[in-house]
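Everything below concerns the one structure shown next.
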Amino acid sequence: MQISLLCMGLTDESQIIQLMQKYEKRLPSHYNFKRVELPDIKGRKNLSQEQQKLLEEEAFLDKINPSDYVVLLDEKGKSYTSTQFAKFLNNQFISMAHHLVFVVGGPYGFSEKMYQRSNAKISLSKMTFTHQMVRLFFVEQVYRAFTILQGKSYHHD
């Protein structure tokens with residue numbers, strides 16, 4: 001099983017990078033977790049929202065294989081508790097192909113084609129966070145899901 005976090009834009013805050021790396025190192029090797037940060041769209045300021053989403057779509061789809069199970073991290077997605085998210089991951093491990101790809105879009109969300117390509121949408125919160133914070137929260141939740149599935153004492157209900 002491989003889990004990838006595909007992100008638009010680079011993380012430039014060293015504290016967030018350090019925290020993400022802390023949780024990534026804690027993940028078991030069989031998760032084969034990989035964070036992929038794509039460069040921001042060049043000339044973004046001169047493009048419409050729709051143009052930006054279409055260019056981001058190209059960059060994302062270039063990194064996604066037809067057999068990948070794609071989950072958009074999207075405010076319109078389904079909300080899970082940490083325990084429910086752990087069950088979601090476990091179900092994916094049991095029932096699917098080898099690659100689970102979670103996608104963090106740009107500032108205006110996803111193109112229609114990305115919504116059509118996705119297999120699922122998950123919302124981390126009804127609140128809005130920076131794209132860099134979403135990455136950190138997501139990686140921590142993947143680690144938390146692992147501890148829940150392993151019965152470790154990290155998570156408390």
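Nothing fancy with the numbering, it's 1 onward along the sequence.
With respect to the salt-bridge test (charged N to carboxylate O, under 4.0 angstrom), the residues E75 and K126 do not qualify. Between E24 and R26, none of the side-chain N atoms (NZ, or NE/NH1/NH2) sits under 4.0 Å from a carboxylate O, so this pair counts as no salt bridge.
Applying the side chain to side chain donor-acceptor pair (under 3.5 Å) rule to K76 yields the partners Y115; only residues at least two apart in sequence or on another chain are considered. Remark: N119 pairs with R117 by the side chain to side chain donor-acceptor pair (under 3.5 Å) rule, at least two apart or across chains. Under the side-chain contact (heavy atoms from CB on, under 4.5 Å) criterion, T128 pairs with no residue at all, not counting sequence neighbours. S125 pairs by the side chain to side chain donor-acceptor pair (under 3.5 Å) definition with nothing, not counting sequence neighbours. F88 pairs by the ring-ring contact (aromatic ring centres under 6.0 Å, His included) definition with Y80, not counting sequence neighbours. Taking R44 as the reference, Q52, E56 meet the side chain to side chain donor-acceptor pair (under 3.5 Å) condition, with sequence neighbours excluded. When the ring-ring contact (aromatic ring centres under 6.0 Å, His included) test is applied to Y108, no partner is found at least two apart in sequence or on another chain. Shown here are the side-chain contact (heavy atoms from CB on, under 4.5 Å) partners of N32, two or more places apart in sequence or in another chain: Q2. With sequence neighbours excluded, the residues forming a side-chain contact (heavy atoms from CB on, under 4.5 Å) with L136 are I16, L19, M20, Y23, listed by chain and number. Scored by the side-chain contact (heavy atoms from CB on, under 4.5 Å) test, T81 finds T83, Q84 as partners (sequence neighbours excluded). By the ring-ring contact (aromatic ring centres under 6.0 Å, His included) test, F137 is found to be paired with F129, residues two or more places apart in sequence or in another chain being considered.
You'll find the side chain of L6 reaches within 4.5 Å of the side chain of L38, heavy atoms only. Proximity of N91 to F93: side-chain heavy atoms (C-beta onward) are nowhere separated by under 4.5 Å. Under the 4.5 Å side-chain criterion, counting only non-hydrogen atoms from C-beta, I122 is not in contact with L72.
Here the closest heavy-atom approach between residue H131 and residue G105 is recorded as CD2-O, 2.5 Å. The two residues L5 and C7 come nearest to each other via the heavy atoms CG-SG, 3.6 Å. When all heavy atoms of F85 and A145 are compared, the pair lying nearest together is CD2-CB, 4.1 Å. Pairing each heavy atom of G77 with each of S123, the nearest pair is O-CB, 3.5 Å. Here the closest heavy-atom approach between residue L10 and residue R135 is recorded as C-NH1, 3.8 Å. For L73 against F110, the heavy-atom pair with the smallest separation is O-CE1, 3.6 Å.
For the residue pair S4 / H99, a side-chain donor-acceptor distance below 3.5 Å is found, with atom types taken as modelled. Side-chain contact annotation: D12 with Q132, donor-acceptor N/O pair under 3.5 Å present.
The hydrophobic cluster containing Y69 also contains V104, counting ILVMFWY residues as joined when their side-chain heavy atoms lie under 4.5 angstrom apart, directly or transitively. Residues M1 and V70 are members of separate hydrophobic clusters, defined by side-chain heavy-atom contacts under 4.5 angstrom among Ile, Leu, Val, Met, Phe, Trp and Tyr. In the hydrophobic clustering of ILVMFWY residues, with side-chain heavy atoms under 4.5 Å counting as a link, F102 and V36 come out apart.
Using a distance-only test at 3.5 Å, with no hydrogens or angles considered, no donor-acceptor pair links the side chain of E57 to the main chain of L54.
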- [ ] Under the side-chain contact (heavy atoms from CB on, under 4.5 Å) rule, what do V71 and L100 come out as? Steps first, then yes or no, please.
- [x] CA-CA 8 Å; V71 181; L100 182 57; 4.0 Å; yes
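Pairs passing the salt bridge (charged side-chain N to carboxylate O under 4.0 Å, His left out) check and including a residue from residues 136-146, sequence neighbours excluded, read E140-R144.
Residue L27 holds its CG atom at 7.5 Å from CD1 of I3, rounded to the nearest 0.5 Å. Rounding to the nearest 0.5 Å places CG of L47 at 6.0 Å from CG of L55. Within the model, atoms CD of Q141 and CD1 of I148 stand 7.5 Å from one another, a figure rounded to the nearest 0.5 Å. In this structure, CD in Q51 is found 3.5 Å from OG in S48, a value given to the nearest 0.5 Å. Distance check: L61 CG to D68 CG gives 11.0 Å after rounding to the nearest 0.5 Å. Rounded to the nearest 0.5 angstrom, L124 CG and D74 CG are separated by 10.0 Å.
The only option from F138, F33, Y154 that meets the ring pair (Phe, Tyr, Trp, His ring centres under 6.0 Å) definition with Y143 turns out to be Y154.
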